[in-house]
Amino acid sequence: MAAAGYIQTSLIWVAYAVAVGLALIAAAITTFTWQTHRDRSAIVSAVTIISITALLATVFLLPVDIALVSSTTSTALGTKKDWATPNRIHNILLTLKIVYYSLYSFDALLCLIVIPFSYFWYEEYDEVEEQEGHQTFGSRLWGAFKYTIAFIFLVVIIFLVGFFVPAAGNRDGKHLDLDFFKRLLDVNHGEKALTFGLGLLITLGTLLYVLYTGAGLALLPISFIKSAPAVSAPQLYESTASQLEQNRERQRQLELRNSGRPAGMPAKDRRELDALAREERTLVRRERLAAEAQGQGKTFIVRIWTKICAVFRPVKLIGGILLVLLSLIVWVSMLITGIDKAANSVCKEHCGYILAHINVFQPINWIFVKTARAFPVDYVLMALLILLFFSSSISGIAAVGIRFLWLRIFQIRKGRTAPQALLMATVMLALITLAINYAIAMLVAPQYASYGTQTFCDLPPQHADELPDCSKNPEAVKPCSEWVNSHSTATRVCTPTMMSTFLNRVTLTWPVFGAIDFWAQFAFLGVFLIVFVTALFRTPKLNVNEMDEDAEADEEEGLLASTGRRFGATWQDITGRPKRDTYGSAATASGSGSN
């Protein structure tokens with residue numbers, strides 16, 4: 001039996017290693033897709049890839065955590081498995097704690113020191129001074145380091161505050177006298193300092209999570225639905241080429257007609273020529289975008305990939321509809337849990353609204369508990385749920401941009417993201433990741449994220465040193481929760497996940513963090529609802545007064561991804577041939593006229 005337990009836990013860690021490997025590939029693809037092609041930096045690319053991989057490794061550790069603690073218990077009988085001895089469980093939890101602390105520390109190091117240093121390292125580069133020999137590697141290194149010193153002091157201050165300041169949760173009357181809470185408060189000063197730092201970063205990340213993940217969770221599914229083009233790339237290319245030829249012919253006519261006039265070109269013809277010149281630039285850009293959409297001038301692999309994307313475009317539409325339904329279910333589940341915690345928490349704001357047990361039917365938590373019967377469906381669903389929140393965060397950052405209050409500092413766009421923006425977005429994702437862990441473990445699926453599929457036998461034992469037997473009374477098997485964990489039997493059977501232990505320790509030791517993080521979830525729900533309703537009925541438009549060259553290009557790309565629905569365009573993208581009219585010429589695309 002011990003061998004069976006070793007094999008099961010080993011397979012869980014192997015699956016996690018494979019997920020981290022896939023996360024590395026996804027991080028590299030994401031980085032190279034979003035960063036600008038004109039102004040790349042090797043150190044910025046490397047730091048971004050490593051940081052995104054570390055973030056994904058952190059969020060993917062939650063399903064592993066749930067899987068490991070769930071594997072120690074027989075769900076049907078509510079007892080520990082034979083191989084799950086106290087020593088073995090201690091080793092599992094110790095391994096999880098080491099991995100959690102290592103990943104969180106690495107994320108904090110990247111977020112507070114490595115990424116700022118990389119930012120200043122890139123800013124210190126001066127091509128002219130380097131060519132003239134005035135800038136050396138050492139001078140550039142010192143220039144970046146002297147600005148990073150402030151962030152190093154910030155890390156030291158955070159650690160010292162957490163180490164020396166008394167924890168609010170340790171004061172008299174601030175927590176219930178239960179074994180569950182006593183274990184959470186039983187930490188040394190080093191862990192208390194890490195708890196403070198983690199709580200502070202989670203709270204900062206929650207503020208970003210409310211805006212960016214809330215908006216992204218609403219926009220991501222709708223962007224899938226609205227991705228089908230109103231006009232195919234081949235049809236747009238041919239119609240644009242025809243209009244471009246007519247435009248240039250009209251310009252030649254105007255120039256020839258006025259070439260011999262001593263007084264020069266009349267004002268009327270000059271205005272028309274200027275308008276034709278502006279239209280020509282728009283048509284040239286549109287023709288280039290249509291050619292790129294077809295894969296012209298690209299490698300064979302890129303052209304094949306373009307065809308594959310067109311083939312799976314209907315699937316993307318269906319996937320968008322399913323994501324909309326999933327997002328609404330998640331929203332309802334979070335709202336139910338939030339109201340339940342606010343009304344029925346055992347200690348309210350003094351412990352971050354820890355909920356004894358779920359009092360109202362909660363869809364997401366119910367789905368995970370039911371799918372746990374078909375191993376490993378629930379773990380796969382948890383990984384996909386985490387990936388949905390992470391992808392929504394990226395989508396939200398891309399849609400909203402990097403802002404200070406109402407001022408936009410950087411925009412995040414595919415193929416046009418500056419290195420500075422890429423690093424700042426990575427820092428934001430690092431903080432948002434911590435908030436995502438809190439949201440999933442505390443609101444989306446609180447009971448499942450805390451105890452997985454663990455159960456205990458709620459019967460009095462026949463002997464004090466023995467566990468009760470529910471083999472003849474299956475109705476006495478109860479799911480584990482924070483409240484029943486104070487029960488003597490439940491304490492010996494139920495093992496909380498390390499993630500829930502960390503988060504509960506933060507909210508109990510520093511209640512102000514728990515209160516802010518909890519009530520911010522309602523703001524998140526409000527942002528999601530506003531953006532979702534707005535996006536359903538209104539397509540975002542560019543501000544003409546603030547339009548630059550890149551914004552114009554984005555507007556032209558909208559022709560290849562507009563809100564119109566035409567599956568004929570999808571078929572033409574697959575075949576590579578535009579639809580012909582009766583006379584054999586390419587049909588004129590709607591919306592492809594001159595601006």
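What you see is a predicted model; the values in this text were computed from it and never measured. Side chains included, hydrogens not; waters and symmetry mates left out as well; all remaining heavy atoms used.
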Atom pair [atom1] ([X]) and [atom2] ([Y]), whose distance is rounded to the nearest 0.5 Å:
X	Y	atom1	atom2	result
Ser118	Leu423	OG	CG	6.0 Å
Leu201	Thr433	CG	OG1	11.5 Å
Leu431	Tyr212	CG	OH	11.5 Å
Leu443	Asp517	CG	CG	10.5 Å
Lys370	Trp366	NZ	CH2	6.5 Å
Ile50	Thr426	CD1	OG1	11.5 Å

Going by heavy atoms in the side chains, are [X] and [Y] under 4.5 Å from each other?
X	Y	result
Ile29	Ile25	yes
Thr206	Ile516	no
Thr9	Arg88	yes
Pro221	Ile321	no
Ile43	Tyr122	no
Phe528	Val210	no
Leu141	Phe117	yes
Ile440	Met382	yes

Heavy-atom pair of closest approach, residues [X] and [Y]:
X	Y	answer
Val69	Thr72	O-OG1, 2.7 Å
Val527	Ala215	CG1-N, 3.8 Å
Leu68	Ile92	CB-CG2, 4.0 Å
Ser70	Gly452	OG-CA, 3.3 Å
Tyr438	Ile202	CB-CG2, 4.3 Å
Ile402	Ala425	CD1-N, 3.9 Å

Could you go through Met334 and Phe524, starting from their C-alpha distance and side-chain angles, then the distance that decides it, and tell me whether this counts as side chain to side chain contact (heavy atoms under 4.5 Å, CB included)? CA-CA 10 Å; Met334 294 181 68; Phe524 168 87; 3.7 Å; yes
Within the 6.0 Å centroid threshold, strictly below: [X] and [Y]:
X	Y	value
Phe513	Phe196	yes
Phe502	Tyr101	yes
Trp331	Phe532	no
Phe522	Phe518	yes

Would you confirm whether [X], through its side chain, and [Y], through its main-chain N or O, come within 3.5 Å as a donor-acceptor pair?
X	Y	value
Ser450	Gln447	no
Ser105	Ser102	no
Ser333	Ile364	yes
Thr417	Trp34	yes
Lys97	Met498	no
Lys80	Thr73	no
Thr509	Val506	no
Thr148	Ile113	no
Asp65	Met499	yes

For residues Gln521 and Tyr209, is any side-chain donor paired with an opposing acceptor at under 3.5 Å? yes
Please step through side-chain hydrogen bond (donor to acceptor under 3.5 Å, both in side chains) for the pair Thr48 and Ser45, ending with a clear verdict. CA-CA 5 Å; Thr48 304; Ser45 300; over 6 Å; no
Decide side chain to side chain contact (heavy atoms under 4.5 Å, CB included) for Ile7 and Leu11; before the verdict, give the C-alpha distance in whole Å, the side-chain angles of both, and the deciding distance to 0.1 Å. CA-CA 6 Å; Ile7 293 174; Leu11 287 176; 4.1 Å; yes
Before you tell me yes or no, could you show the steps for Thr337 and Gln362 under side-chain hydrogen bond (donor to acceptor under 3.5 Å, both in side chains), namely the whole-Å CA-CA distance, both residues' side-chain angles and the distance that decides it to 0.1 Å? CA-CA 7 Å; Thr337 305; Gln362 210 262 40; 2.9 Å; yes
Given Ser500 and Asn504, is the side chain to side chain contact (heavy atoms under 4.5 Å, CB included) satisfied, shown in steps? CA-CA 6 Å; Ser500 66; Asn504 286 330; 4.3 Å; yes
Distance-only check: which donor-acceptor pairs under 3.5 Å involve side-chain atoms of residues 386-400, not counting sequence neighbours?
residue: Ser391; atom: OG; partner: Leu387; partner atom: O; Å: 2.8
residue: Ser392; atom: OG; partner: Leu388; partner atom: O; Å: 2.7
residue: Ser393; atom: OG; partner: Thr213; partner atom: OG1; Å: 2.9
residue: Ser393; atom: OG; partner: Phe389; partner atom: O; Å: 2.9

Within a radius of less than 6.0 Å around CZ of Phe361, do more than 12 heavy atoms belonging to other residues, nucleotides or ligands occur?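 Yes, because the 6.0 Å sphere around CZ of Phe361 holds more than 12 heavy atoms from other groups.
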Set of residues satisfying salt bridge (charged side-chain N to carboxylate O under 4.0 Å, His left out) with respect to Lys146, sequence neighbours excluded: none
Thr497 vs Tyr451, test: side chain to side chain contact (heavy atoms under 4.5 Å, CB included). Steps then yes/no. CA-CA 6 Å; Thr497 61; Tyr451 291 94; over 6 Å; no
